[in-house]
Amino acid sequence: MSGPVRVVICDDQALIRTGLATIVDAQPDLEVVGECGDGQAGVDLAREVRPDVVVMDIRMPVLDGLEATRLLAGAGVQHPVKVLVVTTFNLDEYVYEALRAGASGFLLKDAPPDRLLHGIRTVAMGAALLDPDVTRRLVGRYAARIRPAEGTPREIPLTPREMEVLRLIADGLSNGEIAASLVISPETVKTFVSRILTKLDLRDRVQAVVFAYRHGLVT
């Protein structure tokens, strides 16, 4: 990516919005190109300035972050924008839905600044950001919502080892933990993850978790 990562901050609390913008703008490789205080303004601004990443709060007036994320990054959006959801609550009732709506990552507002910056950079590069511990808690709470897909079960074009890796991703394990569990190198895990995403036409690990639950690979 040439030039700094262009970021829009969308949060209805001015103090938090300003704080996030200050942290981001202080980085030589990041640049805040806009701020807004509600979801509709965030959608309009993102469509206008085409940032690399939108840092999106969930609970906002006019249009909440869930619907704003769907409009920017959801299925069928012709030119999707990468969205990093930040929320006060680590088990916010909307977090799972926001991820399904197309968000590329999820962070807590009380995360240290370096984690926020890492999150923005990670999402900008096209990777997903979901802390493994958060994944476990999130999926543990919302697994009942992830209904198995209806109709004839889809044949899943994965090798047994790839299926094993997918189940571990869905369990919330990081690449390092998967490598330790299967006694293989982290580089090999990365290769498996890449193959899984390509074969299943999934964008990132978040979608892989949802896929695994919807197809009954984990419960």
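Computed from a predicted structure; not experimentally measured.
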Do the non-hydrogen side-chain atoms of [X] and [Y] ever get within less than 4.5 Å of each other?
X	Y	result
Leu166	Phe192	no
Glu35	Leu45	no
His79	Arg47	no
Asp25	Leu30	no
Arg115	Leu107	yes

Taking every non-hydrogen atom, the tightest pair across [X] and [Y]:
X	Y	value
Ala103	Thr69	N-CG2, 3.6 Å
Val55	Val7	CG2-CG1, 3.8 Å
Leu116	Leu20	CD2-CD2, 3.5 Å
Val32	Ala21	CG2-O, 3.7 Å
Val33	Pro51	CG2-CB, 4.2 Å
Gly102	Ala73	O-CB, 3.5 Å

[X] [atom1] to [Y] [atom2] distance, which is reported to the nearest 0.5 Å:
X	Y	atom1	atom2	result
Glu162	Leu200	CD	CG	8.5 Å
Asp57	Ile16	CG	CD1	7.0 Å
Met56	Leu72	CE	CG	5.0 Å
Asp64	Asp38	CG	CG	11.0 Å
Ile196	Ile169	CD1	CD1	4.5 Å
Leu71	Gln40	CG	CD	7.0 Å

Quick check: does any side chain N or O of [X] sit under 3.5 Å from a backbone N or O of [Y], one acting as donor and the other as acceptor?
X	Y	result
Thr198	Ser194	yes
Arg6	Val53	no
His118	Asp114	no

**Message:** Val123 vs Val83, test: side chain to side chain contact (heavy atoms under 4.5 Å, CB included). Steps then yes/no.
**Reply:** CA-CA 8 Å; Val123 168; Val83 177; over 6 Å; no
What I want to find out is whether [X] reaches [Y] closely enough, with some N-O distance under 4.0 Å, to be called a salt bridge.
X	Y	result
Asp11	Lys109	yes
Glu164	Arg167	no
Arg70	Glu67	yes

**Message:** Are Leu158 and Leu197 linked, directly or through intermediate hydrophobic residues, by side-chain heavy-atom contacts shorter than 4.5 Å (ILVMFWY only)?
**Reply:**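 In one cluster with Leu197: Leu158, yes.
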**Prompt:** Honestly curious: do Met163 and Leu168 fall in one hydrophobic cluster under the side-chain, below-4.5 Å linking rule?
**Reply:**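 Result: yes, single cluster for both.
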**Option passing side chain to side chain contact (heavy atoms under 4.5 Å, CB included) with Asp12 (candidates Arg59, Met60, Arg17)** =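 One option only clears the test, and that one is Met60.
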**Item:** Intermediate values then yes/no, side chain to side chain contact (heavy atoms under 4.5 Å, CB included), Arg50 and Val81
**Value:** CA-CA 7 Å; Arg50 303 301 303 173; Val81 177; 3.7 Å; yes
**Asked** Would Asp29 and Val5 count as a side chain to side chain contact (heavy atoms under 4.5 Å, CB included) if you check the C-alpha gap in whole Å, the side-chain angles of each, and the deciding distance to 0.1 Å?
**Response** CA-CA 6 Å; Asp29 62 327; Val5 173; 5.6 Å; no
**Asked** Does one side chain, of Thr188 or Ser185, offer a donor that lies under 3.5 Å from an acceptor on the other?
**Response**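 The criterion, which ignores hydrogens and geometry beyond distance, is satisfied for Ser185 and Thr188.
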**Prompt:** Would Ser104 and Leu84 satisfy side chain to side chain contact (heavy atoms under 4.5 Å, CB included), going step by step from the backbone distance to the final call?
**Reply:** CA-CA 6 Å; Ser104 293; Leu84 175 61; over 6 Å; no
